[in-house]
Amino acid sequence: MAAPVRVRFAPSPTGYLHVGGVRTAIFNWLFARQHGGVFVLRIDDTDIKRHQDEAVQVILDGMKWAGLSWDEGPEVGGAYGPYFQSQRFERYKEVAKQLEASGRAYWMKKDAAKDLPEWKIEKLKKAGKWDEDRAQAASDPEPALYFKIHPGEPQEVVLQDAVWKEYRRPAEMLDDYVILRADGSPTYNFATVVDDIDMKISHIIRGEDHLANTPKQIRLFEALNAPLPVFAHLPMIHNDKGQKISKRRDPVAVTIYRKCGILPEALVNFLALLGWSPGDDREVMTQDEMIAAFSLDRIKLSPAQFTLKRQADLPEGSDYNERLDWLHAALPGTKLEWMNGEYIKKLAPKDLLSRAEPFLKRHYDLSGADPVWLSKILALEQERSRTLYALAENLRLFFEAPAAYDDKAVKKWLEKGDGWAHLEAIRELLDKHTDWTGAALEHALNAYAEQKGAKFANIAQPLRVALSGTAVSPPIHETLVLVSKPEALKRIDALLARKGAPTP
RNA sequence: GUCCCUAUCGUCUAGCCAGGUCUAGGACACCGGGUUUUCAUCCCGGCAACUGGGGUUCGAAUCCCCAUAGGGACGCCA
């Protein structure tokens, strides 16, 4: 019988949750759920950061928001904790000692002659990573603990990756590497392996950027007499320029997508389809459908592009708000936005209200708002909005009188033809109208149009301009009802006051 | 520089492993049309790809080789 499925997602607390990381988490989560396995969340914080608690919280919040529940990890605990690497240092030292005792690890000072090659230094400098830390480390006189990668005759490592199939690494390319620094802190490659063994991880599903390190890690599994997990390396995610998405040049923090009004289930669905497909034509899928359809051997190897409609490059050193604006501009017309719209359309009324409320609050004063009225205006925009942000924005006319009028709309619907005359007549009609319901208003306006022999558009459009300032609004009767009679009359008067005024 | 990988519409992808059913399917985007009081929804239609070159084969998107292009890795980063 096969070992129980235990998978993990091990982000480091960098201050944000990366969308690429979320996709990795999704694949692990889907795999765990499909096999009735355990999904472990582990925090890779070997590098102690300043606001660590906050940074960890960002990750937990992001995971919860995305609906990726973990079975073991921070907040929930588990039998294989602690789940913070910073709390496992003693364990790493213990394992290091074992390796030392068995002759598989040795202390050595960095050999100046074995220092980094030219091309590497140049590359680091180019990437802006040739910082003082690095220079310091290179000249560190203290010895570090090295893992002896070849116990005997050097041999190549052959691994069977669930996605990549056979992956080989020749012996001469496997060099001894540092597992413990002079100060006793573990390196990533070491801590990860120790944890994966201790936590009985059965399948390691992670980004392709870890593939080349895998052979080195495998030697460590062997040296520790641990069973080898199944490896599965996922293709990278690229931006529209074919570059690996990165914090520097792309909006990668999930909070930005959340702030833009993307629904978590839409983001998860979209991300799941980057590098994986169910093999049929399904695209908008429920989580249960994805869990049922998921399979490691349907993951492809070539990088997937996370397409946004880039208007311009992100400004150098841009802050959160600039990134938010950038994303707002880059989202329309993308598949993510479309998919989000599909999810918005499916939302039950009360869910729509709870999801949209934070956005409405950010845009308007909701203190006196009637929840029934809110639900009604939301229903009007539900199929007209592809993000919650746009939804809130599209509802502006229900909260505020037009601050300005669209010139084109005024010219087309008021100044050409009988627009002004109709609007004046309708004002009187509405003023006398007492039954302020959609059906009654529809009846009255239709009767007016018929009597004047006018097309309904010539009646509705001037009204729209008065109510919203533009030629666009939800159906006019419902809009009138929900704007309220006194407010509607006020806005009509405001527009009528501009009759004859020169338009700029 | 060294090692490894990848390559289907603008994009996400199906098809490839087990060659014929592929005049290459779906979706987004875009364009056009219909429904509609505007917008949106909905419906219909269109545009659009096997990177190039060699093989193997009766037959290649599918297998092999080369070229080209892209990517990943090669740290006391994670």
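In the text below, chain A, chain B and the rest are named by the order of the sequence lines, each starting its count at 1.
- Between the C1' atoms of C43(B) and C17(B), the separation comes to 40 Å (whole Å).
- Judged by distance alone with a 3.5 Å cut-off, no donor-acceptor contact links the side chain of Gln243(A) to the base of G71(B).
- At a cut-off of 3.5 angstrom, the base of U41(B) holds no donor-acceptor pair with the side chain of Arg384(A).
- For A61(B) and U13(B), the C1' atoms lie 14 Å apart once the distance is rounded to whole Å.
- Residue contacts for Thr334(A): at a heavy-atom cut-off of 4.0 Å it reaches the sugar-phosphate backbone alone, with no base atom in range.
- Taking atom P in both C64(B) and C5(B), the straight-line distance is 12 Å, to the nearest Å.
- Counting any heavy atom pair closer than 4.0 Å across all strands shown, Ala304(A) reaches sugar-phosphate atoms only and no base atom.
- His238(A) comes within 4.0 angstrom of sugar-phosphate atoms only, judged by non-hydrogen atoms across all strands, and of no base.
- Side chains of Gln243(A) and Asn239(A): a donor on one and an acceptor on the other come within 3.5 Å.
- Residues His363(A) and Glu393(A) bring a donor and an acceptor atom of their side chains to less than 3.5 Å of each other.
- Cation-pi check for Lys216(A) over Tyr177(A) is met; the charged atom lies under 6.0 angstrom from the ring centroid and within 45 degrees of its normal.
- Residues Thr437(A) and His477(A) bring no donor and acceptor atom of their side chains to less than 3.5 Å of each other.
- Comparing Tyr167(A) and Ile476(A) by the nucleotide of RNA chain B whose heavy atom lies nearest to each, the residue mapping closer to the 5' end is Tyr167(A).
- RNA chain B is contacted by both Arg298(A) and Glu337(A); Arg298(A) maps to the nucleotide lying nearer its 5′ end (nearest heavy atom per residue).
- Separation of the P atoms belonging to G26(B) and G45(B) is 10 Å when rounded to the nearest angstrom.
- If you check every strand for non-hydrogen atoms under 4.0 Å, Pro235(A) touches nothing.
- The pairing partner recorded for A27(B) is U11(B), the criterion being a Watson-Crick or G-U wobble arrangement whose two distances lie under 3.5 angstrom.
- For Arg386(A), counting side-chain heavy atoms from C-beta on, the closest listed nucleotide (A29(B), G26(B), U13(B)) is A29(B).
- Salt bridge Asp240(A)/Arg310(A): present, at least one basic N to carboxylate O contact under 4.0 Å.
- Per the geometry, CD belonging to Gln217(A) stands 15 Å off P belonging to C77(B), to the nearest Å.
- Among the heavy atoms of the strands lying under 4.0 Å from Asn213(A) is at least one base atom, whether or not backbone atoms are also near.
- C22(B) and A78(B) have their C1' atoms separated by 45 Å, given to the nearest Å.
- A distance of about 12 Å separates the C1' atoms of C16(B) and A24(B), rounded to the whole Å.
- Separation of the P atoms belonging to C12(B) and G1(B) is 28 Å when rounded to the nearest angstrom.
- Nucleotides U56(B) and A14(B) place their P atoms 31 Å apart, quoted to the nearest Å.
- Between Lys244(A) and A73(B) there is a side-chain N or O to OP1 or OP2 distance below 4.0 Å.
- Spacing between atom CZ of Phe147(A) and atom C1' of G75(B) amounts to 17 Å, rounded to whole angstrom units.
- Note on Thr192(A): every side-chain N or O is 4.0 Å or more away from OP1 and OP2 of A78(B).
- As judged by a 4.0 angstrom heavy-atom cut-off over every strand, Lys309(A) is placed among residues touching the sugar-phosphate backbone only.
- Looking at Asp45(A) and Gln85(A), their side chains never bring a donor and an acceptor atom within 3.5 Å of each other.
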